[in-house]
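A short worksheet on the structure shown next.
Predicted, not measured: the structure shown is a model, and the values here were computed from it.
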Amino acid sequence: MNTPQRALLLSLHPRFATAILTGDKTVELRRQRVAVPPGTPVIIYATSPVMALTGTARLTGVDTAAPGPIWRRHHTSCGISKAEYTAYMDGATHASALLLEAPRPLSSPVPLDHLRATSAFHPPQSYRYLTTEALQQLVAGHDAADELLDQLPAPAPHTAPPHPLPVPPSTQTGPLRSAALTASTASR
């Protein structure tokens, strides 16, 4: 299996963030199709009044179908009542159940103020992807930085393009040629 090079940042009401991090909730619901590969790290952002990254989990799979079948298959793991589910899914034609495992609360939540200290970070309405590099920038200097980054794959190595071979002054044209000729004749 290929290791994902990005994490899924989920915005959750604090009640649901806590339930996931305690292991009481193992399915997170979305009103649209979500295509995320199994094994993707999940970063949990708890919305107001917490407004902080509070922990991580790992996605084991996504079950997408009409709202009725999703409720029948996952109602015992999604942490909401049938009435809440019905209200949330009202008007939706698709539902996605994000299957989660290995929840890990952070020892020190990363507050929104810290996330905005290095960039114009805006928590997503539902979810968004974060590269390892973007997360490194967001949590740099915070006590929980290593905890978060340890959950993610190492960034893909950046390979610089090979250095071009120098062009001999005699084959250059234009202003570069005259500068190169001047430099080469001056050094003789």
Side-chain angles (χ1 to χ4, degrees), residues 1-64 70 74 77-80 84 88 94-161:
M1 174 171 65
N2 289 338
T3 303
Q5 293 298 312
R6 59 189 185 170
L8 184 68
L9 173 63
L10 286 178
S11 283
L12 303 167
H13 290 285
R15 165 185 159 201
F16 302 126
T18 298
I20 288 171
L21 294 172
T22 60
D24 295 331
K25 176 178 167 70
T26 58
V27 172
E28 177 54 25
L29 302 165
R30 289 294 182 254
R31 291 173 40 94
Q32 68 273 356
R33 291 179 189 261
V34 178
V36 183
T40 297
V42 175
I43 300 168
I44 297 169
Y45 176 83
T47 60
S48 183
V50 176
M51 298 188 298
L53 299 180
T54 57
T56 64
R58 188 143 319 264
L59 186 96
T60 61
V62 178
D63 184 7
T64 300
I70 291 296
H74 301 289
S77 304
C78 62
I80 61 175
E84 289 173 302
Y88 177 62
H94 294 94
S96 289
L98 284 67
L99 313 177
L100 304 171
E101 70 175 6
R104 288 184 53 182
L106 295 176
S107 59
S108 175
V110 183
L112 182 58
D113 289 345
H114 183 92
L115 299 170
R116 288 185 170 160
T118 58
S119 72
F121 176 80
H122 295 285
Q125 279 291 331
S126 178
Y127 68 91
R128 80 176 216 208
Y129 295 100
L130 276 180
T131 64
T132 302
E133 295 85 357
L135 184 62
Q136 286 171 331
Q137 182 182 19
L138 288 172
V139 300
H142 191 274
D143 292 344
D146 288 341
E147 275 182 88
L148 272 168
L149 296 170
D150 284 348
Q151 297 302 302
L152 302 178
H158 176 70
T159 55

Return yes if some donor-acceptor pair links the side-chain N/O of [X] with the main-chain N/O of [Y] below 3.5 Å, else return no.
X: Glu101; Y: Thr60; answer: no
X: Ser11; Y: Pro124; answer: yes
X: Ser96; Y: Thr64; answer: no
X: His114; Y: Ala140; answer: yes
X: Thr47; Y: Leu12; answer: yes
X: His13; Y: Arg15; answer: no
X: His94; Y: Arg30; answer: no

Does the side chain of [Y] come within less than 4.5 Å of [X]'s, by heavy atoms?
X: Ile70; Y: Val27; answer: no
X: Tyr127; Y: Val42; answer: no
X: Ser77; Y: Lys25; answer: no

Can you tell me how far the [atom1] atom of [X] sits from the [atom2] atom of [Y], to the nearest 0.5 Å?
X: Gln136; Y: Leu148; atom1: CD; atom2: CG; result: 11.0 Å
X: Leu10; Y: Leu59; atom1: CG; atom2: CG; result: 8.5 Å
X: Glu147; Y: His142; atom1: CD; atom2: NE2; result: 9.5 Å
X: Thr132; Y: Arg6; atom1: OG1; atom2: CZ; result: 11.0 Å
X: Leu135; Y: Leu9; atom1: CG; atom2: CG; result: 8.5 Å
X: Tyr88; Y: Ile80; atom1: OH; atom2: CD1; result: 8.5 Å

Using the rule given for side-chain contact (heavy atoms from CB on, under 4.5 Å), can you reason through Leu138 versus Val110, listing the C-alpha separation, both sets of side-chain angles and the distance that settles it, and then say yes or no?
CA-CA 9 Å; Leu138 288 172; Val110 183; over 6 Å; no
Is there a donor-acceptor contact under 3.5 Å linking the side chains of Ser119 and Gln137?
no
More than 12 foreign heavy atoms under 6.0 Å from CZ of Arg104: is that the case here?
no
So with a 6.0 Å cut-off around CZ of Arg116, is the heavy-atom count from everything else above 12?
yes
Taking every non-hydrogen atom, the tightest pair across Tyr45 and Met51
OH-CA, 3.2 Å
Can you see which heavy atom on Pro14 is nearest to which on Ala46, and at what distance?
CA-CB, 4.3 Å
Only one of Leu8, Leu21, Thr18 passes side-chain contact (heavy atoms from CB on, under 4.5 Å) with Ile44; say which it is.
Leu21
